Amino acid sequence: MGTNGLYEEVMLAGFGGQGIILGGKLLAEAAMRAGKEVTYIPSYGAEMRGGTANSMIIIADGPIASPMVSRPTTLITMNKASLNKFGPRIKNGGLLVMNSSLIENKPELDDSIEILSVPADAIALELGNKRVANMVAIGAYVQNRGLFGVNIAEESLEGVLAKRYHKTVPINIEALRRGAEFASK
Amino acid sequence: MKTVFKRTPSLRDRVTHYCPGCGHGIAHRLVAETIDELDIRSKVIGIAPVGCAVLAYDYLDIDMVEVAHGRAPAVATGMKRTNPDKIIFSYQGDGDLAAIGTAEIIHAAHRGEQITVIFINNAVFGMTGGQMAPTTLIGQVTTTTPLGREADNQGWPLQMSELLAVLPGTNYIERCSLHDVGHIRETKKAIKHAFELQVSGAKGLSLVEVLSPCPTAWHMSPAKSLKWIEKEMTKVFPLGRLKG
Amino acid sequence: MSKRILMSGNEALAEAAIVAGLDAYFGYPITPQNEIPAYMSRRMPEEGRVFLQSESELAAINMVYGAAATGKRAMTSSSSPGISLMQEGISYLAGAELPAVVVNVMRGGPGLGNISPSQSDYFQSTRGGGHGDYRTIAMGPASVQELVDCMLLAFDLADLYRMTVLILADGILGQMMEPVVIEKKPGRKLPPKDWALTGIEGRKQNIIRSLYLGEGVMEKLNYKLQEMYKQIEENEVICEEYKVDDAEIVVVAYGTTSRIVRSAVEQARKEGIKAGLIRPVTLWPFPTKQISKAAEDFKIFLTVEMSCGQMMEDVKLAVNGKSPVFFYGRTGGMVPTVDNVFEKIRELSIPAKKKEK
């Protein structure tokens with residue numbers, strides 16, 4: 001129950017429409033395929049577009065008790081409002097992945113927290129579709145944490161994208177790779 | 001000796017609990033005769049309402065279910081959707097169908113459920129002791145309209161058949177009456193036709209409204225009740241085929 | 001579908017019902033369970049079975065009643081306000097002795113409340129819910145896999161006892177995704193449904209009813225039901241115990257809350273507090289014996305719920321004065337945190353520690 005081995009609590013947050021729910025689902029699917037235990041809770045309800053959205057993902061070696069993430073070991077934040085809200089909750093020794101295209105300044109956090117600034121929107125625009133910024137950030141996260149290979153995330157895309165979006169698999173894969181490359185620099 | 005009339009097998013040889021002059025006994029017989037004439041007893045399921053006819057299964061010797069007040073068309077929907085080869089009918093009064101069960105009958109009709117509805121209209125809540133029904137006539141005295149129904153206060157008699165006839169999901173709507181032998185024969189024909197439509201697999205809901213006497217709640221003799229249907233009820237609820 | 005797949009609680013419930021042999025689903029939209037009818041609307045026609053969106057929850061439960069009366073496996077799902085509307089039908093199902101499965105993905109109340117997770121329909125679920133002297137089996141699973149396991153069992157229990165089985169989830173469990181395996185397991189041995197309405201052919205008339213006017217007849221039916229309920233209390237309790245044997249503080253919780261509590265119990269153990277967890281999976285029948293046994297040697301009991309303390313009453317009845325019973329909860333759609341629960345455990349552990357010294 002998190003006493004031994006891996007116990008990663010991820011909070012993925014941003015505007016509705018930034019692919020927060022999809023991104024969380026991808027992380028969960030990939031973690032499952034990598035043989036991990038995983039729970040994933042999306043925010044739900046009246047916040048379909050424009051409001052704030054978040055995903056809570058727990059990835060562990062053993063069974064997961066509480067599926068709620070109140071103090072994440074990793075925060076992946078796509079906008080400033082979410083950083084302000086969830087940044088102070090990051091556990092010491094944790095990781096912040098932030099979309100530096102929309103967040104100008106690094107926040108004041110405990111020194112033990114690693115900050116990975118990824119210009120996710122800018123990289124996505126280079127690829128020709130701003131909507132894959134979520135995948136850039138996730139690629140960077142996967143590369144940084146190394147819980148499973150970026151290839152597993154790539155393979156999981158078809159499983160989490162609705163069939164009508166399957167034609168976007170290649171650009172999503174490209175975005176994951178670019179994020180991973182950025183993080184390995 | 002030549003037999004000119006005998007009890008049909010789907011009708012039990014039993015004294016009913018209905019009041020003298022009540023129309024339910026006749027309506028039950030017409031339904032039972034129809035079932036036997038169409039030879040569908042092995043696949044018919046009837047639904048008894050809440051109201052005087054709640055014990056219809058004591059008189060109709062067929063598989064039957066008793067359901068919550070007004071919900072018969074929803075129950076019929078559940079039955080027919082899962083058993084398209086069975087013949088499903090509900091037998092409902094005007095309190096059941098026109099008051100508490102308005103949503104269920106409208107939506108079953110609007111979905112075009114392949115069910116048959118026998119709608120007994122006696123312009124009053126009989127079982128509970130003669131309260132106003134949505135079908136109660138203007139001026140009619142009931143235990144809850146002691147001075148007679150007033151349109152200003154309680155609204156107008158609700159004409160369910162007219163309402164249902166405009167829905168594309170209904171295939172046959174006819175209003176009949178039990179006030180004399182000729183009209184009883186007409187009612188029989190209508191009930192039979194409504195069942196035949198379902199047996200033939202015709203799409204849609206078929207409904208026969210039957211104006212029926214309630215001498216007890218009307219505080220009339222049985223003979224006067226029949227006259228009252230003919231003179232008063234049919235003015236508000238005109239007889240005839242409204243659809244199909 | 002025997003491999004591990006990632007599914008939301010709502011969708012897993014739907015697929016499990018299909019695997020369990022569901023013939024017909026009827027339902028009316030309400031958040032947070034809309035994924036169930038959406039899934040059913042796609043999958044049931046694929047299987048050649050019935051999906052129908054009803055005009056109301058009243059209609060939905062009565063459609064279930066109709067299908068069940070003909071011997072079919074039928075279910076509906078809803079959330080708290082919709083389940084309130086269904087209580088009429090559930091009472092009739094009890095009186096008519098018809099099997100049905102009803103899912104309640106609970107949300108904050110009373111009234112329209114909100115769409116956030118809640119467990120405040122416990123009283124309604126375990127006390128019958130509608131009018132009359134009756135019970136419904138109520139299950140409160142805690143993971144997506146357990147939702148599936150409960151659903152597979154629910155249809156067998158419903159058919160075996162001819163009664164309604166409720167599966168209680170909440171907004172979190174319904175939306176949460178976890179890896180899950182859904183496969184048909186060997187079920188219970190079930191009696192034939194010779195009571196079902198199929199049309200008279202080579203047998204006497206079948207009648208399904210709940211009206212009994214004769215003197216004492218309704219009482220007789222009630223006693224028959226009560227006798228059956230006793231059997232269920234004897235045979236169908238499901239309950240998990242975690243580190244209860246040496247515990248000084250026993251927390252009782254079910255569903256999502258039980259997982260939060262489990263994390264808090266682990267944290268407490270790490271800090272040297274002897275905490276344990278009793279997790280009822282069946283809420284009715286309630287694990288009265290298990291809790292009563294745990295209360296034999298003095299322990300402190302803490303009930304944690306997403307309500308103002310409903311299951312706590314059952315815990316108190318089970319403990320029957322042998323140990324003190326405390327409560328912690330959040331309500332109206334709020335979820336207790338691990339820290340909240342841990343703090344409560346720590347606070348209660350002080351007298352336990354004093355006793356040791």
Side-chain angles (χ1 to χ4, degrees), chain B residues 9-10 12 17 35-36 39-51 54-88 90 100-111 113 115 127, chain C residues 22-26 28 44 48-76 86-93 95-96 98 100 130-131 195-214:
Chain B
S10 290
R12 279 225 174 80
H17 70 288
I35 288 166
D36 292 328
D39 194 20
I40 52 173
R41 203 172 163 208
S42 64
K43 56 179 179 178
V44 76
I45 304 172
I47 304 174
V50 170
V54 62
L55 297 173
Y57 42 72
D58 281 350
Y59 314 122
L60 295 172
D61 191 8
I62 55 171
D63 274 7
M64 282 196 85
V65 62
E66 162 205 294
V67 304
H69 201 17
R71 318 291 174 227
V75 173
T77 298
M79 290 181 155
K80 187 69 179 185
R81 291 280 179 142
T82 49
N83 299 274
D85 57 324
K86 305 287 185 220
I87 303 302
I88 312 291
S90 70
I100 198 167
T102 320
E104 282 78 10
I105 186 62
I106 296 267
H107 284 276
H110 129 89
R111 287 190 303 265
E113 299 294 342
I115 58 170
M127 194 197 215
Chain C
L22 176 70
D23 293 302
Y25 172 91
F26 305 98
Y28 183 83
M44 291 296 273
R49 308 186 208 172
V50 175
F51 165 83
L52 185 64
Q53 181 170 326
S54 63
E55 68 269 27
S56 68
E57 286 90 352
L58 280 174
I61 194 71
N62 280 286
M63 289 171 184
V64 167
Y65 183 100
T70 66
K72 305 289 183 184
R73 282 191 159 178
M75 73 171 282
T76 183
M86 290 183 187
Q87 292 305 329
E88 175 197 65
I90 293 173
S91 172
Y92 275 73
L93 285 162
L98 287 176
H131 63 282
W195 44 265
L197 306 183
T198 55
I200 296 188
E201 188 133 55
R203 61 160 169 79
K204 282 191 171 172
Q205 174 191 35
N206 276 345
I207 302 171
I208 289 173
R209 64 191 293 185
S210 62
L211 175 78
Y212 297 96
L213 295 171

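What you see is a predicted model, and the numbers here were worked out from it, not measured in a lab.
Of the atoms belonging to C/A96, not a single heavy atom falls under 4.5 Å from chain B. Only the backbone of B/V44 comes within less than 4.5 Å of a heavy atom of chain C; no side-chain atom from C-beta onward does. Using a 4.5 Å cut-off between heavy atoms, C/A196 contacts chain B through its backbone alone, with no side-chain atom that close. With a 4.5 Å cut-off on non-hydrogen atoms, C/R203 touches chain B through its side chain but not through its backbone. Looking at B/H110, there are no atoms closer than 4.5 Å to chain C (heavy atoms on both sides), in backbone or side chain. At a 4.5 Å heavy-atom cutoff, the contact between B/L60 and chain C is made by backbone atoms alone. Heavy atoms closer than 4.5 Å to chain B are found in the side chain of C/L52, but not in its backbone.
Distance check, rounded to the nearest 0.5 Å: CD of B/E104 to CG of C/L58 gives 6.0 Å.
Checked by atom type and distance alone, the side chain of C/E88 never pairs as donor or acceptor with a backbone atom of B/A68 at under 3.5 Å. In this structure a side-chain-to-backbone donor-acceptor pair under 3.5 Å is missing from C/N206 to B/D63. With hydrogens and angles ignored, the 3.5 Å screen pairs a side-chain donor or acceptor of C/Q205 with a backbone N or O of B/Y57. Panel note: side chain C/E201, backbone B/K43; no donor-acceptor pair is recorded below 3.5 Å.
If you check the side chains of C/D23 and B/T82, you find no donor sitting under 3.5 Å from an acceptor.
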